[in-house]
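Proteins come first, then strands; the chains are lettered A, B, ... in the order of their sequence lines, and each starts at number 1.
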Amino acid sequence: MSTLSNDELIQELNRLFAEEVEAALRYLHLSNAVRGLEHVLVEPVLKKAFRETLEHAEVIARKIRALGAVPQLNVNLALDPVPVDGKQALEMALTFEEAALEAYQDCFRRVEGDIALEEFIRSQIVVESEHVAELKHLLVE
Amino acid sequence: METWKEFDQNVITHSAAHHLMAIDDLVGRLGYARVSDIARRLNITRGSVSISLQPLKKAGLVQQDENRHLRLTAAGQALVDAIKTKRHLMQRLLTEVLGVAPAQAEIDACKLEHLVSNETAQRLLSFLRFLDGDPARVRELVSAWRAADPTCAGEPAACPSCETECLAARLERPVSQGNRP
């Protein structure tokens, strides 16, 4: 069993929930900030990431509910109306994905021993690692 | 440049100052600082920390190694040292001289620490050194001021500190949240 109490597990999941919701909002904003011809290629990548990130948030919210709690959301976000080109947008997306990957890796260490959560977080690490690899591939000169 | 625009020209934002100080504190205590540690420390998401760190890396204030551990550059450390010094000086002025409660002094010093110029901080240091030179006399002076706590008694025209209206009255007016810019 995990050494974390139920409340601590919920707190960990709330942190992940906030990460995913915030990332989804950033993707939504970013996908509409891309300018130039590249937006034809980049926008679908960002829109897909937006939908997936929101799905991750929903899965985490369900996990929190399964632990008997209501998700807590604490997001403080102000996004400027600054246009970006395709490469800048992908670089920002890579930053979001690397942050998400690190968040899951950090959480994995903390929930070690809780089989169900470990499995869930392990699968998320796989998904986020793939996203990071994909974005790095797109950014190769 | 118009004075109010100076605010936007500041080297770093309030948020950036806290990111830099968090790195400094974590490296001092743990020997390393990761994005996760800063996020927990500042109670924000790792995504926010990663985004906030980008301009600090570009400005040459923060470096990240191959293990994703963060550290301040010499320029970053100099900036943090200056901010911490200004916070300390502001806190001393607010608590020891003006008699502001320590908790409020900490909040106000935190808001000002990255905005005050080095020139002003130098003058403040000089003033505090002057006070430290004769603590008994300073205590006497501060006690006399606190005991008197002068007001203009509703006659701002006769008050050497007030203008056409009482300055204290201006500060006591409630500020509606809706009127904030």
Inset, instruction - Please examine the side chains of B/Gln64 and B/Lys57, heavy atoms only from C-beta on, and report whether any two atoms are closer than 4.5 Å. - result: yes
Legend entry - Best-contacting candidate, B/Val35, B/Leu53, B/Asn43, against chain A by heavy atom pairs under 4.5 angstrom: B/Val35
Inset, instruction - For the pair B/Glu165 and B/Arg173, find out whether any cationic side-chain nitrogen is under 4.0 Å from an anionic carboxylate oxygen. - result: yes
Legend entry - Segment of A/Ala18 engaging chain B (4.5 angstrom heavy-atom cut-off): both
Inset, instruction - Indicate yes or no: does A/Glu12 engage A/Arg15 in a salt bridge with an N to O separation below 4.0 Å. - result: yes
Legend entry - A/Leu16 to A/Cys107 - nearest heavy-atom pair and separation: CD1-SG, 3.7 Å
Legend entry - Part of A/Glu22 lying under 4.5 Å from any heavy atom of chain B: side chain
